[in-house]
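See below for the structure under consideration.
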Amino acid sequence: MAQFDTPDQLSLPDLEEDVLDWWNSHDIFERSIEEREGQPTYTFYEGPPTANGKPGIHHVLARAIKDIFCRYKTMQGYQVARKAGWDTHGLPVEIEVEEELGLETRAEVEEYGIEKYNAACRESVLEYKDLWDRLTQRMGYWVDLDDPYVTFETDYIETVWWLLKQIEAEDLLYKGHKIQWYSPGSHTVLSSHEVSLGYEETQDPSVYIRFPVAGEDDTYFLAWTTTPWTLISNTALAVGPDLTYVKIHHDDPHQGAETLILAEALLDDVIDEDYTVEETFTGEELIGQRYEPVYDYFTDRATPGEEAWYVLGADVVSTEEGTGVVHMAPAFGEEDYGVAQDEGLPLFNPIDKDGEFTDEAPLVEGMWFKDADKVITDDLKGRGRLYKHETYLHNYPHDWRKGTPLMSYPVESWFIETTKLKDRMVELNDTINWQPEAIGEGRFGEWLENNVDWALSRRRYWGTPLPVWESDKEDSDYYEVIGSVEELREKCGDQLPEDDDEIDLHRPFVDELTWEGPDGGTMRRVPDLIDVWFDSGAMPYAQWHYPFENEEEFEANFPADFIAEGVDQTRGWFYSLHAIATLVFDDVAYENVVVNGLVLDEDGNKMSKSKGNTVEPFRVIDDYGADVVRWFMMSNAPPWESIRFSERGLRDLRRTFFGTLENVYRFFATYANIDGFRYQKDRMPVEERPELDQWIISRLHTTTQTVEEALEDYDPTTAARAVEAFVEELSNWHLRRSRSRFWASKKGEQDGQPGQGGTVAAAKKEAAYQTVYECLEATAKLMSPIAPFFGEWLYRTLTEVTEGETESVHLASFPDVREAERDEALERRMGLARTIASSTLSLRNQAEINVRQPLPRILVVTGTGVPEADVEQVRDVILDEVNVKDIEYVEHTSEVVSRSAKPDFSRLGPRLGDLVKDVNQKVRSLDDDVIDEYVETGTLTLTVDGEEVELGPDDLIIQSEGIEGWLVEQEGDVTVALDTEITPELRAEGLAREVVKRIQNLRKDAGFAVTDRIEVAYDGTDRIAEAVAAHGDWIRNETLALELQPSNAPTGDAVDTFEIRDERLTIGVRRVAADETVRR
RNA sequence: GGGGCUGUAGCUCAGGUUGGUUAGAGCGCACGCCUGAUAAGCGUGAGGUCGGUGGUUCAAUUCCACCCAGCCCCA
């Protein structure tokens, strides 16, 4: 006969390896998709990782989230295909390769050869793919690793090109300038990633400069800057239109009397001398005023339509620091540039690619730009233009490799005019379900609101080339965007290999492709690559090589139902997916998105290699099991918050949740095997089962509903915690209270008296087995999305015996919520029972009477939340749990109950206002008599502060505090007193229990099996002897003793003597026969 | 420098959206129970100026402002 497996303490890592092998050999993952053929599709997009570094513990978090919802939706009946993907382009790869090859500058790379360089990148990018695959499999993340999309593949690039062509067709592609951080030290533009690597605390000059107001003597705009070297390129001053400005008069120690204009709010910060305010106006009024430039090198350069050296209004101006008058040098600042674009200001750039001043600026010609600060400052000082000179400590970006300061610099770039579709992007974003919501509205929403055009160009080597060819004819701005390989063949087929498979669309090969343009020039590719984020944002289409192939797959899988990535992807993948989908398809790319936070170390610090606090994912999985790690990450905190990763947490979780569940199963299996339970009988109607069973079944359905709702809401934390709570209730209340049932009927059979009692016992036992079985199987399903291995093990271990619906839990369907089997009132009653039991146990503790000693009764005060009828229904459970014979009820309003009253503030507060405080005082000191009267009549009049206050029913909250003359425990609404009087009968019963305990211990010490029959001989003091005589049948029954005989000198396989309270007992036990009713 | 998230018991977190006078859970700890779930199980208990200050209010952990700390994103 099939038996439930009863392993020793489980090793979760070993168990998981076994499950993995079984999954592989039975193609469970493949089948979980195939068997859902024809069912509705649930689409998940894998955000591609870059496999040029080793995976870390945070990847386990991200991948667990992805896995959970895909498994869950599969169990809900959807077909969930999951294609893996690799992000292969981009700067991190290049940096890695440059380090390997020892290349530092662009010149060195180009000398090394782009072809060889890119070959090295291609090699490097999948260096750790095997490691990633291994982690993916080991942690139980089901994704199709055999057929991933790879962003460097020709098909993928072709789709990217096609997308750009569509964008071009809508006239959204254009060439412009973008201010970027340029490193004169290594002659290259740096990506934002590189820039952020190089921020350093820097001391810079902080200078206040006088700009003479045109047409007014000794009157100046006072502007502030920390980059004096940009003053040569000044073209305008900016003020905040809504800010308040003042014109002040003061005596400058060096200049004498003069008039300055600056923001009122900053007056005292800036002006050191006494001054008088002469005039006050808004920034608006200053706009348009002209001033004299501090350097005249460009005065003849301003072309018509490009006015310069006047005051303009800009919202970016603040009164946080400086003077409220901002010096604008559009060549050297992103904000300045933006304003200059709007205003049509000219752009003066006297600095060359090496970061040195050209002959356009004679004062500092040939000088390194930062070195010019001092010279310019001195020069201005000498000319009386410098009001004040201080130093300023701030973060300024530097070249992360060379340490030299960066400068903003306008660089030619290709853009997508995303701003044109901003409103649509915002609108579509409102339809996306963000988890947590705040990121969708906040970080992402705001980012969309402040959308700027997408600068596509990257001056790098390893990436998708921008498919734009420009005519090299002078003054021609003709260009073509290539959207497919076929199109490329039409243009220059002769330069391409005949076989499509041999085409490489990377640099340097595409750079060499040229053709004649319609204007007679030669069409040459622009040297740019495109931003790698465009690559990844193209994955919904490019993973299928759409529209060149797989049209159906694409359409069935767009948009995604669900994606999940880290919060750092807000401006990365979340944006690029959204932008491309909006641009090309006027749709969202994903409908639900779960954002995961960071994984911090135990102390809440960021994990980093340099701190040495990183956690090796393989090690913790090998030590604790992937399920424990996954469960911890979901249950400990919502995954979108930063999670503190602690091994202690893993250990606790292993022991508490998984250990408890494991024990519940083991307990169940042990007895089910003895009784040959295999769930072969019909399912017993729940209403025919004992109330305890009805209760846990109801809890199961409530839990199932909670889990289902939580997972539908993409909230794995609530789901995990609900399962944890359920397992606790199953073990600590249902199973514990059911223990006797699991062997009760055994004794019936042994007595050879099936009769009425035996049948009832058997039915109760069957109910217990069915109930626990159902709870365990459902728990296996409920937990399996988060803990796929343990869920699988539990499910299979159970269903191998009972022949369940499917071979694997991951092929099964999620449990149903059976409303008919839910009973909220019962759940509430059982909660009440647990509270009463807990209070009673507390009282026993205080009275120092152990639970083996029966006590006559408890008194329960009935009242709000404690109706007698409810308690009566759970009476047996309470009595058994606390070993008390009876429950008596004391009316809430009875005279023996002492009470206290407090105001119901939510009622009285609004009505009485200030008086409520004094009323409170009075009410709390009310005598019992007065409270009694109030309880009776429902009214009370108090005199407070000379005022009469009428209190009506419900204005006061009455609580029972105690019962006169009793030791009382109070917990919420529940008030319990314990009668500790021990009658001789009760004492005898208590002693009989003690005897049973000793016999059981002896049996165990003697090494008998639990089902062995024994003979017992005993010798005890009078009270013991009386107790044994009175409860002989019961003792024999409990201990499976065929004989229970007094003896002067007990003998047997084991003999021992005990002191019990003031009594003495000697027992001998002898094994008579192994239990023959047990078939093995 | 800007924006965001977080701050509740020794630890990990609920609660708080709707302000109500006794703020909860689990783990850990202490004490005890159980000994037919035993390398298990159970109970009881101690433990908190709800990050700080100020404000609104009869009443603030909850609402508002500012500040502090940690982290993230951006510059």
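Every chain is numbered from 1, with letters handed out A, B, ... down the list of sequences.
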Please report the distance separating the [atom1] of [N] from the corresponding atom of [M], rounded so that it comes out in whole Å.
N	M	atom1	value
B:G47	B:C34	C1'	26 Å
B:C58	B:C11	C1'	38 Å
B:A60	B:C64	P	16 Å
B:U38	B:G20	P	46 Å
B:A75	B:U17	C1'	34 Å
B:G51	B:U6	C1'	11 Å
B:A37	B:U18	P	50 Å
B:A23	B:U49	C1'	14 Å

Who does [N] pair with, Watson-Crick or G-U, both distances under 3.5 Å?
N	value
B:G1	B:C74
B:G7	B:C68
B:A46	none
B:U38	none
B:C58	B:G20
B:A25	B:U12

Which is true for [X] with a 4.0 Å heavy-atom rule: it touches a base, it touches only sugar-phosphate, or it touches nothing?
X	value
A:Gln9	sugar-phosphate
A:Asp904	nothing
A:Gln846	nothing
A:Gly649	nothing
A:Arg571	sugar-phosphate

Starting the side chain at C-beta, find the nucleotide from [options] nearest to [X].
X	options	value
A:Ala637	B:G43, B:A37, B:C13	B:C13
A:Ser842	B:G41, B:C72, B:U44	B:U44
A:Glu641	B:U6, B:U44, B:U12	B:U6
A:Arg852	B:G3, B:C74, B:C34	B:C34
A:Pro638	B:C13, B:G36, B:U12	B:C13

Side chains of [X] and [Y] in contact at under 4.5 Å (non-hydrogen atoms):
X	Y	result
A:Thr670	A:Phe668	no
A:Arg998	A:Arg993	no
A:Gln1000	A:Thr1039	yes
A:Ile643	A:Met634	no

Is there a donor-acceptor pair under 3.5 Å between the side chain of [X] and the backbone N or O of [Y]?
X	Y	answer
A:Arg844	A:Ser839	no
A:Arg1003	A:Ala1009	yes
A:Asn673	A:Phe4	yes

To the nearest angstrom, how far is [X] atom [atom1] from [N] atom [atom2]?
X	N	atom1	atom2	result
A:Tyr671	B:A37	OH	C1'	7 Å
A:Arg737	B:G43	CZ	C1'	13 Å
A:Leu661	B:A37	CG	P	18 Å
A:Trp181	B:C74	CH2	P	15 Å
A:Asp1056	B:U35	CG	P	16 Å
A:Leu841	B:G45	CG	C1'	14 Å
A:Asn850	B:C42	CG	C1'	14 Å
A:Ile849	B:C34	CD1	P	13 Å

### Query
Of A:Ser900 and A:Asn1001, whose closest RNA chain B nucleotide lies nearer the 5' terminus?
A:Ser900
#### Entry: Upstream residue (5' side of RNA chain B) when A:Ser839 and A:Asn663 are each assigned their closest nucleotide
A:Asn663
### Task
Report yes if a donor N or O on one partner sits less than 3.5 Å from an acceptor N or O on the other, where the partners are the side chain of A:Ser731 and the base of B:A37; otherwise report no.
yes
### Task
Quick one: sort the A:Phe658 and A:Trp631 rings into parallel, tilted or perpendicular, breaks at 30° and 60°.
perpendicular
Give each protein N/O atom lying under 3.5 Å from an N/O atom of nucleotides 25-27 of chain B, with the pair distance.
residue, atom, partner, partner atom, Å
B:C27, O3', A:Arg655, NH2, 3.0
B:C27, O2', A:Asp652, OD2, 2.6

Distance check: side-chain N/O of [X] vs OP1/OP2 of [N], anything under 4.0 Å?
X	N	value
A:Arg736	B:C42	no
A:Arg739	B:G36	no
A:Asn845	B:G45	no
A:Asn732	B:C42	yes

### Query
In terms of side-chain heavy atoms, does A:Thr706 have a donor or acceptor partner in A:Thr703 at a distance below 3.5 Å?
no
### Query
Can you find a side-chain donor-acceptor pair between A:Asn845 and A:Ser842 that sits under 3.5 Å?
no
### Query
Between A:Thr660 and A:Asn663, is a side chain to side chain donor-acceptor pair (under 3.5 Å) present by the stated rule, with each step listed?
CA-CA 5 Å; A:Thr660 301; A:Asn663 262 301; over 6 Å; no
